[in-house]
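Report on the following structure.
Labels below follow one simple rule: chain letters A, B, ... track the order of the sequence lines, proteins then strands, and each chain is numbered from 1. Nothing here was measured: the structure is a model prediction, and the numbers come from that model.
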Protein chains: 2
Amino acid sequence: MSSTGAKAVPDRRRAILDAAVRVFARQGFHACRVSDIADEAGVAYGLLYHYFPSKEEVLNTLFLERWGVMLQMIREVDAEQIPVREKLGAIASFIIDSYRHDPDMMKVIIVEVTRAANSFGQTHLGQIREAYRMIGTIVTKAQREGVFKPDIDAEFAAMTFYGAIEQVLTGWIFGLLPQGDEAFERAKQMVVETVCGGLEVARAPAA
Amino acid sequence: MSSTGAKAVPDRRRAILDAAVRVFARQGFHACRVSDIADEAGVAYGLLYHYFPSKEEVLNTLFLERWGVMLQMIREVDAEQIPVREKLGAIASFIIDSYRHDPDMMKVIIVEVTRAANSFGQTHLGQIREAYRMIGTIVTKAQREGVFKPDIDAEFAAMTFYGAIEQVLTGWIFGLLPQGDEAFERAKQMVVETVCGGLEVARAPAA
DNA sequence: GTGGATAGATTGACTGGTCAGTCAATGCGT
DNA sequence: ACGCATTGACTGACCAGTCAATCTATCCAC
């Protein structure tokens, strides 16, 4: 019973990562000290450097861990044989549920990486771009099927869609928008309806 | 001829602000040193502290100067008697033209303030919120006129619209999206068409 | 079982470098 | 000669990362 039994040896590396999420969310990456993370994890200062080569690498690890899960999800959604609306709905649901489940983690990823294109965004630009690219693929397919207008660039549409979701999360993160289960479900519907159906009331098809 | 004549005394304060835009855009607020700004402005280190109480206050000044112009523009657009599409188009045009005219300045505002909600965004949350609020008002009016669907929250729609624009600017800033006069004009049209008309091809109004 | 050897985990005081902000001195226009 | 503009060396604080010392688990010889 030495490997994965209950109450196994405490996983300090995990404890440090979890503590870092809380500290980064509370104080921001630049504003916090490495000792804040160590204290939050209940661990000695030096131990962080036993598991990670630098403070930056802690954030990188958190981001890659989480972003990888999202990319995988988009990949799977894209492969399914369902209408575009459902595909985009699934992506919106996943991201919003991620926030509901772990708001601190999403705050760190968005505020410190995704929207911090100067510092960490630069490092992970490739990963971030990959998400846009895959959403763009979904849009392109819908255009080929005649469901989406052909005269709006797919990559542009992808940025609009993802940008809208991220903007709403940012609104929740900084208390600009009301939160709660109802708001989350409504947001999922509204973001898809806005991007796919538009804000205008339905009008007759062009002659 | 002492006040505003050509070749008046060099305005060091202005020189510092202009230099700060370039330096912040190039290196980021946190990564740059005060001496970088002074050097770029061709001015002694200490002079910056003659005109500004701190490094932060330089950024605050830049942001408030520029953001105020934008708020004023939205206020004027809102007051006009034109269709929603034109109102939103005017806002999109203004922001995109601002980027065309001074990309460094827009980069600084977006990267260091608007999307840095942890540090400076917090300070200026009120100002940022005011922009969302005014766009929301435009949406609400359109809903009352029956032009926009009533079942999408106006504040939500406002964030989607503004978020889409900001996401596209971010795409330009970090080289994810092609730039140029054509791209800029296309973007203006596409952002309005996407948010108002939706990505889906026109369908008949619901029975 | 007991001693003790080995390796990895853990500790936290310390170092070196960085940099925002200060200030006394100097320049210059009026 | 007065006051504002300008200079840049200096200070004090801060903090990421290092490292030698200590602890603990595991295993082997006997």
(message) Can you measure B:D11 atom CG to D:dA5 atom C1' for me and round it to whole angstrom units?
(response) 13 Å
(message) I'd like to check the side-chain hydrogen bond (donor to acceptor under 3.5 Å, both in side chains) partners of B:T160; sequence neighbours left out, ordered by chain and number.
(response) none
(request) Please list residues of residues 37-57 of chain A whose heavy atoms come under 4.0 Å from any atom in DNA chain D, ordered by number; otherwise none. (result) A:Y45, A:Y49, A:S54, A:K55
(request) Could you tell me which residues satisfy side-chain hydrogen bond (donor to acceptor under 3.5 Å, both in side chains) with B:D181, sequence neighbours excluded, listed by chain and number? (result) B:R100
(request) Report the residues that fulfil salt bridge (Lys or Arg N to Asp or Glu O under 4.0 Å) with B:R133, sequence neighbours left out, ordered by chain and then residue number. (result) B:E130
(request) With sequence neighbours left out, write down each residue that passes side-chain hydrogen bond (donor to acceptor under 3.5 Å, both in side chains) with A:E56, or none if nothing qualifies. (result) none
(message) Reading DNA chain C in the 5' to 3' direction, which nucleotide is the first one with an atom under 4.0 Å from a heavy atom of chain A, and which is the last?
(response) C:dA9 to C:dA13
(message) Under the rule for salt bridge (Lys or Arg N to Asp or Glu O under 4.0 Å), what residues qualify as partners of A:R186, not counting sequence neighbours?
(response) B:D153
List the atom pairs, with distances to 0.1 Å, where a side-chain N or O of residues 46-55 of chain A and a protein N or O form a donor-acceptor pair under 3.5 Å, not counting sequence neighbours.
unit_1 : atom_1 : unit_2 : atom_2 : d
A:S54  : OG     : A:E57  : N      : 3.2
A:K55  : NZ     : A:F29  : O      : 2.8
A:K55  : NZ     : A:C32  : O      : 2.8

(message) Just to be sure I understand the geometry, which residues of residues 27-35 of chain A put a non-hydrogen atom under 4.0 Å away from DNA chain D?
(response) A:C32, A:R33, A:V34
(request) Whole angstrom is fine here: how far is it from CG in A:D36 over to C1' in D:dC14? (result) 12 Å
(message) Going by side-chain hydrogen bond (donor to acceptor under 3.5 Å, both in side chains), name the residues that satisfy it together with A:S98, two or more places apart in sequence or in a different chain.
(response) A:R66
(message) We want to know whether A:Y132 and B:Q167 form a side-chain donor-acceptor pair, criterion being a heavy-atom distance below 3.5 angstrom.
(response) yes
(request) Can you run down the salt bridge (Lys or Arg N to Asp or Glu O under 4.0 Å) pairs that involve residues 101-111 of chain A, sequence neighbours left out, and say none if there aren't any? (result) none
(request) With sequence neighbours excluded, tell me which residues meet salt bridge (Lys or Arg N to Asp or Glu O under 4.0 Å) with B:E40. (result) B:R22, B:R26
(request) Would you please confirm or rule out a distance under 4.0 Å between OP1 or OP2 of D:dA5 and any side-chain N or O of B:R12? (result) no
